[in-house]
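Each remark here refers to the structure printed beneath this line.
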Amino acid sequence: MSGTDRRRGLALAMRRDERLMRAVHPIGYPLLQAVPGPVRRVPGLGVVVKDAALARQVLLDGEGFSKQGPGASSDLWTPVLGARVLVNMHGEDHRALRRRLAPIFSPSFVEPLVQQSLGPGAAAVERRLLAGERVDLAAHARRSASAAIALLVGLEREAVDDRLFRQIAGITGMVRLTRPTLSPAQVRSARAVLDSLGEHAAAAYRGDESTLPGRLRGLGLSEDEALGAVGAFILTGTETIAAAIPRIVALLADSGTLREARDEAGAERAIAEGLRWTTPTPVMLRSTIAERTVGALRVAPGDRVIIATYAADRAAGGFDPASDRAASLKQLWFGAGAHFCIGAPLAMAEIRLALAALRRVEASGRQVRVTARTPARGQLLPGYARLILEARP
Ligand code: HEM
């Protein structure tokens, strides 16, 4: 591919991803885009931060900012999940629970688990593409995310279907940037879904350590703590990964750069750059708990801070998997500080597995292309409802 073709391919891929963001968030995305950076107070919304260094300042300052308080994650999730589920905790309590949960997400525990539970699905995608079939990668990613839920909840894989994925995405889909809490009816319907999963998790907790809830018991968590953690994993670790994989693959396929991810080092660069550009969870929320200065702006207790992570990540430059633009961001797309994504090793293992299957298809001399796509409307995270891939010689 010539340099000009490559530049055109990258520009096209970014335009298509931009179209997806606008289709999924026709109001919130243009609204945030219009806010001038690096930090600005927006009446009715909060203090919007669009700069990576300022975002890190907020995320690393546990004395100044919290996930508990007005407009932060606790307002959304405590009524649904209870008070002690990582995403709404703060300070020593939070650190202590993280320490106890750490072994669950160590790469050495997660990687074989992902290979075993998601490997056959990834191999089927590879086989079908090589056979000239059309494959819906978005549907595949939802099935894989469901298989991962099965693992987390202690369900039999067969008991988890697309309906369950839709129910979970339905919970996160209730969240709006302009509405910091869920309505009582929304809380009731979210709890109904999680309670039914909680029953399986409770049974698994009492069983042996082959399931995740059982292992949490082995790690010394009480049943309530274990079920809370499982609920948080379900809400944070399902839609994120199902949205991320098709978006990253679409960027690489649309730009014709998938084949640049030939070796392991190229694949790692492509994944980091894909995560940087897509930033699957576009926004993080905090509540200010002590007076601070963020950039040129004074903030006071009670101020809601909206970190537009996607904007901070993109400020490093356009999407280019051959660049090292992602390196300086220290994985800001997974957060920073005390609440850094605990599921990152699981997410990375899932992305690597999917990408490895497509890299092998490209290594056979075919080119993986996107032949049709539909945005997933009504979801919290920008993603595809349908992403049809084909491999052509
Ligand atoms: C590409 C996929 C993913 C992305 C981009 C992502 C992103 C993030 C981000 C940005 C945060 C920090 C939020 C904040 O500080 O406000 C976070 C936290 C978290 N993530 Fe992920 N995540 C992904 C996948 C997963 C998976 C697969 C799990 C599996 C369980 C997971 C579980 C969690 C949990 C439990 C937290 C809360 C940690 C805490 O508050 O201490 N995530 N994630």
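The chain is numbered in sequence order, starting from 1. All ligand and atom numbering here is 1-based and tracks the order in the structure.
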May I ask whether Met89 places a heavy atom under 4.0 Å from ligand 1? no
Can you tell which of Ala347, Gly237, Ala232 gets a heavy atom nearest to atom 2 (C) of ligand 1? Ala347
Restricting to heavy atoms, the pick from Arg98, His94, Lys67 nearest atom 16 (O) of ligand 1 would be Lys67
Side-chain heavy-atom pair Val230, Ile234 within 4.5 angstrom cut-off: yes
Specify the protein heavy atom at minimum distance from [atom]: its residue, its atom name, and the distance to 0.1 Å.
atom: atom 33 (C) of ligand 1; answer: Thr236 OG1, 3.3 Å
atom: atom 24 (C) of ligand 1; answer: Thr240 OG1, 3.5 Å
atom: atom 12 (C) of ligand 1; answer: His339 O, 3.5 Å

Between [X] and [Y] (side chain of the first, backbone of the second, donor and acceptor by atom type, cut-off under 3.5 Å), is there such a pair?
X: His25; Y: Leu380; result: yes
X: Lys50; Y: Arg40; result: no
X: Arg276; Y: Asp313; result: yes
X: Thr279; Y: Trp333; result: no

Does ligand 1 have a heavy atom under 4.0 Å from the side chain of Trp333, from its backbone, from both, or from neither? backbone
Below the 3.5 angstrom mark, is there an N/O of Glu350, backbone or side chain, next to an N/O of ligand 1? no
Backbone or side chain, does any N or O of Thr281 fall under 3.5 Å from an N or O of ligand 1? no
Give, for atom CZ of Phe165 and atom CZ of Arg143, the distance between the pair rounded to the nearest 0.5 Å. 12.0 Å
Nearest-0.5 Å distance that lies between atom CG in Asp136 and atom CZ in Arg142: 6.0 Å
Interfacing atoms of ligand 1 (cut-off 4.0 Å, heavy-atom, Ile342): 34 (C), 35 (C)
